[in-house]
2 protein chains.
Amino acid sequence: MSPTRHDRDGVVDTALDLLDRVGLPDLSMRRLATELGVQPSALYWHFDSKQELLAAVADRILARIPDTLATVEPERALAAAQSVRDALLTYRDGAEVVMSTHALGLGSGRARDVLVTALGAGPDAEEGADVLLQFILGHTLLVQQRLHAQSHGAAADQGTQDPSGSIENTFDAGIRTFLAGLRSPAGGLTQ
Amino acid sequence: MSPTRHDRDGVVDTALDLLDRVGLPDLSMRRLATELGVQPSALYWHFDSKQELLAAVADRILARIPDTLATVEPERALAAAQSVRDALLTYRDGAEVVMSTHALGLGSGRARDVLVTALGAGPDAEEGADVLLQFILGHTLLVQQRLHAQSHGAAADQGTQDPSGSIENTFDAGIRTFLAGLRSPAGGLTQ
DNA sequence: ACCTGAACACCGTTCAAGT
DNA sequence: ACCTGAACACCGTTCAAGT
């Protein structure tokens, strides 16, 4: 009757669950180890570093993006952007985990791939996907950090311009405006 | 002959300098204290928390944005976006410091103010500034974390799609495309 | 007004050794 | 194949006390 033993996937399962319950700042290797009933050093048999663990977590978050979008243009690009954002919003601090993983060139790159596909085969697709992803990550990061601030007793709440979570409403408008610019005569990325 | 004594501004001076030399992950209260020739606890006479210190650092970074832009539309909005990005790029990890400060509703909000002004007095100005700021922060965060990865011996460099720093090139194109969408018949934020 | 000294409750990571 | 035990070099923050 050996005590708790785990594989990579099992560790990531628990990491995702812990992330959602306590947030990224409290997702430490030591706390994760405690959650698994194991010594902290045991985690380094499964992963070379915390960063590598977080990359695996990021991939799981992005795995929630559906890979086929039934919609046709021009709504397909918006639907793709929304599906990426929705995946990030599914777990607490999901945007931050995915952003740092993406920046380091780790992880699957699934978010970008879905956006490239949704934008079609045009020459602007790659660059357009990069721009969209930068906006999606920036937007969602702000939304999720705002959530984190509200729960920890928001100090100076006057800086937050308008009532209710109206930042969320800027998402569709932002994506739509960018897409309109892509198609406008004065617009396009490679002019 | 009393040993080193400081005021708030002097501490922020050193914090900015240290940030630029070692990056945000290594900007600890303890290291900053050592740099100042002082005990860590001394910093808590000047600031209630590390977060408050970082808010003061963020304000100094944003103070580099010129408050009057001589340019007229339609180039004024682009110039404003560039001036915000340039301020963030002036210090290592500037985008991350400003993003977390902005998300918590701390700091001056100067970046957003400049963008609102540059977009004119229209009803879309506030919402447009929010969208622009989300893109600018997302873009610059990615650029700066990429820089940080390169210096620390980039592990999996295949994930980084194209050679040279071509992400930087997406900035102007992204801003221009969004602005074109704002003015296009199919575009505008409040449709 | 500004700082020290000591403590509390934490971090990520390494490495020999165990089963 | 997977984990323990112990150590190393760190964190942010508090609080009584000093000058």
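Keep in mind the model is a prediction, meaning the values are calculated, not measured.
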**Candidates C:dG12, C:dC2, C:dC11 - which lies nearest the side chain of B:Arg5** = C:dC2

**Request:** Could you tell me whether a side-chain N or O of B:Arg110 sits under 3.5 Å from a main-chain N or O of B:Ala63, the two making a donor and an acceptor?
**Result:** no

**Message:** Taking the C1' atom in each of C:dA9 and D:dC10, what is the distance between them to the nearest angstrom?
**Reply:** 14 Å

**Listed once per pair and sorted, the side chain to side chain donor-acceptor pair (under 3.5 Å) pairs that draw on residues 75-84 of chain A, sequence neighbours left out** = A:Glu75-A:Arg176, A:Gln82-A:Asp172

**Footprint string (nucleotides 4-10 of chain D, 5' to 3'): B base within contact, S backbone only, - free, heavy atoms under 4.0 Å** = BB-B---

**Pairs flagged by side chain to side chain donor-acceptor pair (under 3.5 Å) wherever residues 28-51 of chain B is involved - sequence neighbours left out** = B:Arg21-B:Glu35

**Request:** Could you list all the salt bridge (charged side-chain N to carboxylate O under 4.0 Å, His left out) pairs where at least one residue sits in residues 135-145 of chain A, not counting sequence neighbours?
**Result:** none

**Message:** A:Leu54 vs A:Leu27, test: side-chain contact (heavy atoms from CB on, under 4.5 Å). Steps then yes/no.
**Reply:** CA-CA 10 Å; A:Leu54 289 180; A:Leu27 175 54; 4.2 Å; yes

**Request:** In whole angstrom, give the distance that lies between atom CZ of B:Arg31 and atom P of D:dC11.
**Result:** 8 Å

**Asked** For atom P, what is the distance between C:dA17 and D:dC2, given to the nearest Å?
**Response** 22 Å

**Message:** For a stem of at least 3 consecutive Watson-Crick or G-U pairs with distances under 3.5 Å, i pairing with j, i+1 with j-1 and so on, which stems involve DNA chain C?
**Reply:** C:4-8 with D:12-16, C:12-16 with D:4-8

**Request:** Give the rounded distance in Å between these two atoms: CZ of A:Arg8 and P of D:dC3.
**Result:** 14 Å

**Prompt:** Distance-only, no hydrogens or angles: does the A:Arg146 side chain make a donor-acceptor pair with backbone N or O of B:His102 under 3.5 Å?
**Reply:** yes

**Asked** Can you check the A:Tyr44 OH to D:dC3 P distance for me, whole Å?
**Response** 15 Å

**Message:** So if I apply the side chain to side chain contact (heavy atoms under 4.5 Å, CB included) rule between B:Arg60 and each of B:Leu19, B:Asp9, B:Val97, which one comes out positive?
**Reply:** B:Asp9

**Prompt:** Counting only non-hydrogen atoms, which of residues 45-60 of chain B are less than 4.0 Å from DNA chain D?
**Reply:** B:Ser49, B:Lys50

**Closest to side chain of B:Met29, choosing from D:dC11, D:dC2, D:dG12** = D:dG12

**Request:** Go through the side-chain N and O atoms of B:Thr170 and A:Asp130 and say whether any donor and acceptor fall under 3.5 Å apart.
**Result:** no

**Message:** Applying side-chain contact (heavy atoms from CB on, under 4.5 Å) to A:Val114 and A:Asp67, what does each step give before you reach the verdict?
**Reply:** CA-CA 7 Å; A:Val114 166; A:Asp67 32 24; 5.8 Å; no

**Request:** Using the C1' atoms only, state how far C:dC3 lies from D:dA16, rounded to an integer number of Å.
**Result:** 13 Å

**Request:** Take B:Met99 and B:Leu141, measure what side-chain contact (heavy atoms from CB on, under 4.5 Å) needs, and give me the verdict at the end.
**Result:** CA-CA 9 Å; B:Met99 164 148 261; B:Leu141 211 49; 3.5 Å; yes

**Prompt:** Is there a donor-acceptor pair under 3.5 Å between the side chain of A:Asp93 and the backbone N or O of A:Gly23?
**Reply:** no

**Item:** Nucleotide C:dC3, atom P - distance to CD of B:Glu35 in whole Å
**Value:** 15 Å

